[in-house]
Every structure is written in structure tokens, then in C-alpha cells.
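None of the values given here were measured: they were computed from a predicted structure.
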Amino acid sequence: MMIAPVCLMITAAAATLSIHPSRSVFFFYETVTLSCAVPGSFSSWTVKRNTSTKSSVSCETWGQFNGSSCTIKGVYPSDSGVYWCESDSGECSNTINIRVATGVILQGPAVPLTEGDSVTLNCSYKEKYAKESTFNFNAVFYRNGAFIGNKSEGRMSFIHVSKKNEGSYKCEHPTKGESPEIWLEVRARAPSTTAPPPPPPHPPPPLMSLPRLAYTIFLFMLFTGILILYISMCKS
């Protein structure tokens, strides 16, 4: 069991560790790059790891350091462990667990998903010294130890994942056995902070309806006519 990093401060907003290819399980001799994204930070960051034999070891010892990235050219089981970014002031990023294996592996995301994301799990097989892996076979998939599907091309996709998809997954080759389990984490989507648009303004009500206006004009003209007739009669 790998030991998590011990940091002075856990500040997820300060740095984010990403991995390429974006998965958590690798075959022997694959190339893996870990990168620290540190927007607006003035600290110096490096990639560190804990393995079964050593703890809190910086990239310069086990990989090729380039700026805020660290590359392992040809991973081996001794590279299995917990990785993170750490600043010179003791701040830490998120962690990523890496496992190196041979035979059957299940390739899944190395970082948590958010509700609504889509993901594809690839069941792959590769002999230790083979150059290429294959996933074009009939694979059986399990979640938390229970059968969930059988796919002829070794791939299982989830559209718009939710918390119910979270769990421990593995796959099985028809003749080569099962893969190590991987953990699929699904986080709740943050509620939207955008206020709904205000309703359109209502037009001001008319000062007077058309029939009432016509009736008022008629009365005014009638009163004016009577007044003029009265004045004329008084002068005669």
C-alpha cells in the first residue's frame, strides 16, 4: 500500500497534476509524462512520488525533469506509486496513483470524473516483451465484483456518468485472465452560479382603450356643438 504525501498545506487551487496518457495503469516500458499546472503561482514546483521502497522522492532521481513536467521513459513495476506536485514552500496538488503491470490491464481515467462526463474503459492485453497491445477481443467487465457487460471489442463506454457509476472496475480476457482493479471516481457537478436572465419588461398599459377614447371624443364634439349653438342663439 502506497503512502500518501505529507504536506504542510493542501491547496488544490494552487497546482494541478495531470498525466499523459491520461490513465492510471500502464504496460511495461511505456512512456509517461506528469505535469504540474500552476497558474499565477510564484513558487517553484516539482513532481514527487511515494513508492513501495522510497518516499517523497523528487523527479530528478527517477525521471527527466523539464520545467514543471517529469517524464518516465520506459516505466517498470518499481514506478508504481503515488505522484503529486509539491512547491518549495510545502504546498501540494492532487495525487495520482500509477500502477505498472503486464498481461491484462483495464485502462481508465487517472483523475476523478464530474457528473455528466463521458468515459471509455479499454481492456487491453500485452505480453511483457511485445511491442503492441491489443484490445480486439471479447472482454467481460465487472464493477465491484459483479458482472456488468460483455464487449466484443474490449471497450465499455459510459455516457453522462453519475455517482451510481462510481466503483471498482476490472475486465477479463477470454484466456489470459483478469486485469488489476481500477477505481472510477465521480464527483458532483458544482451548482451553477449564473443568475437567470431577468424577465422582459412588460409594455406600459395604454392610457385609455380605443372604444373609450372614441366615446370621449364624441362627447367632447357634442358638447362643443351645443355650446356653439347656444352662443349663436344668444347673439341673435
Side-chain angles (χ1 to χ4, degrees), residues 1-6 16-37 45-66 68-86 92-113 119-137 139-145 154-156 166-185:
M1 182 176 181
M2 305 304 171
I3 302 174
V6 178
T16 302
L17 177 64
S18 61
I19 187 171
H20 181 79
S22 183
R23 45 191 168 90
S24 58
V25 185
F26 297 89
F27 288 117
F28 282 44
Y29 315 127
E30 287 192 275
T31 296
V32 179
T33 299
L34 298 114
S35 303
C36 301
W45 292 79
T46 188
V47 181
K48 289 189 175 183
R49 74 181 189 182
N50 288 343
T51 64
S52 59
T53 57
K54 295 182 180 180
S55 299
S56 195
V57 183
S58 297
C59 168
E60 293 87 345
T61 304
W62 44 265
Q64 295 182 2
F65 186 67
N66 181 17
S68 59
S69 297
C70 190
T71 299
I72 310 173
K73 292 188 174 181
V75 292
Y76 205 68
S78 58
D79 295 305
S80 298
V82 181
Y83 291 74
W84 71 95
C85 302
E86 187 171 327
C92 281
S93 70
N94 59 301
T95 61
I96 290 179
N97 289 276
I98 292 178
R99 181 168 182 174
V100 181
T102 189
V104 183
I105 69 171
L106 182 58
Q107 300 174 349
V111 295
L113 299 171
V119 66
T120 297
L121 304 179
N122 296 307
C123 190
S124 299
Y125 172 74
K126 181 182 178 184
E127 294 286 356
K128 184 175 181 180
Y129 297 106
K131 291 184 178 180
E132 301 292 336
S133 62
T134 178
F135 53 83
N136 190 20
F137 55 85
V140 180
F141 288 83
Y142 301 88
R143 174 178 172 270
N144 298 332
R155 295 177 177 177
M156 175 166 282
E166 188 173 78
S168 180
Y169 289 79
K170 66 179 179 180
C171 66
E172 184 178 6
H173 188 281
T175 60
K176 303 298 182 179
E178 296 181 344
S179 71
E181 290 185 327
I182 65 170
W183 178 257
L184 188 68
E185 182 178 352

Show your reasoning for whether side chain to side chain contact (heavy atoms under 4.5 Å, CB included) applies to I98 and L34. CA-CA 11 Å; I98 292 178; L34 298 114; 4.0 Å; yes
Starting from the C-alpha separation in whole Å, work towards a yes-or-no answer on side chain to side chain contact (heavy atoms under 4.5 Å, CB included) for T16 and S93. CA-CA 5 Å; T16 302; S93 70; 5.8 Å; no
Determine, stepwise, if the pair C70 / Y83 fulfils side chain to side chain contact (heavy atoms under 4.5 Å, CB included). CA-CA 11 Å; C70 190; Y83 291 74; over 6 Å; no
Working for disulfide (SG to SG under 2.5 Å), residues C85 and C36: CA-CA 6 Å; C85 302; C36 301; 2.1 Å; yes
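Between P109 and L184 there is a side-chain heavy-atom pair separated by less than 4.5 Å. Put simply, the side chain of F135 reaches to within 4.5 Å of the side chain of S124, judged on heavy atoms. Residues V104 and C171 meet the side-chain proximity criterion, which asks for heavy atoms closer than 4.5 Å. The closest side-chain heavy-atom distance from N144 to S168 is below 4.5 Å. Using a 4.5 Å heavy-atom threshold, the side chains of D79 and V32 count as separate.
A side-chain donor-acceptor contact under 3.5 Å links T71 and T33.
Considering all non-hydrogen atoms of both residues, W84 and S56 come closest at CH2-CA, 4.0 Å. R49 approaches I72 most closely through the heavy-atom pair NH1-CD1, 4.4 Å. Closest heavy-atom contact between E166 and W183: CG-CZ2, 3.7 Å. Here the closest non-hydrogen pair linking T46 and S58 is CG2-OG, 4.3 Å. Here the shortest heavy-atom pairing between Y29 and K128 reads CE1-O, 3.6 Å. In terms of heavy-atom proximity, I182 sits nearest to Q107 at CD1-C, 4.4 Å.
A distance of 7.0 Å separates CH2 of W45 from SG of C92, quoted to the nearest 0.5 Å. The structure places CG of L17 at 8.0 Å from OG of S35, a figure rounded to the nearest 0.5 Å. A distance of 9.0 Å separates OG1 of T31 from CD of Q64, quoted to the nearest 0.5 Å. Taken to the nearest 0.5 Å, the CG atom of L106 stands 8.0 Å off from the CG atom of N122. Of the inter-residue distances, the one linking K170 atom NZ with L121 atom CG reads 14.5 Å to the nearest 0.5 angstrom.
Of the residues F26, Y125, F27, the one that meets the side-chain contact (heavy atoms from CB on, under 4.5 Å) test with I105 is F27. Considering K73, K126, R23 in turn, R23 is the only one that fulfils the salt bridge (charged side-chain N to carboxylate O under 4.0 Å, His left out) rule with E30.
Between Y142 and Y169, the gap from one ring centroid to the other reaches at least 6.0 Å.
The number of heavy atoms from other shown groups lying within 6.0 Å of CG (N66) does not exceed 12.
Not one N or O on the side chain of S55 forms a donor-acceptor pair closer than 3.5 Å with the backbone of N50.
The aromatic rings of H173 and F137 sit tilted, their planes meeting at an angle between 30° and 60°.
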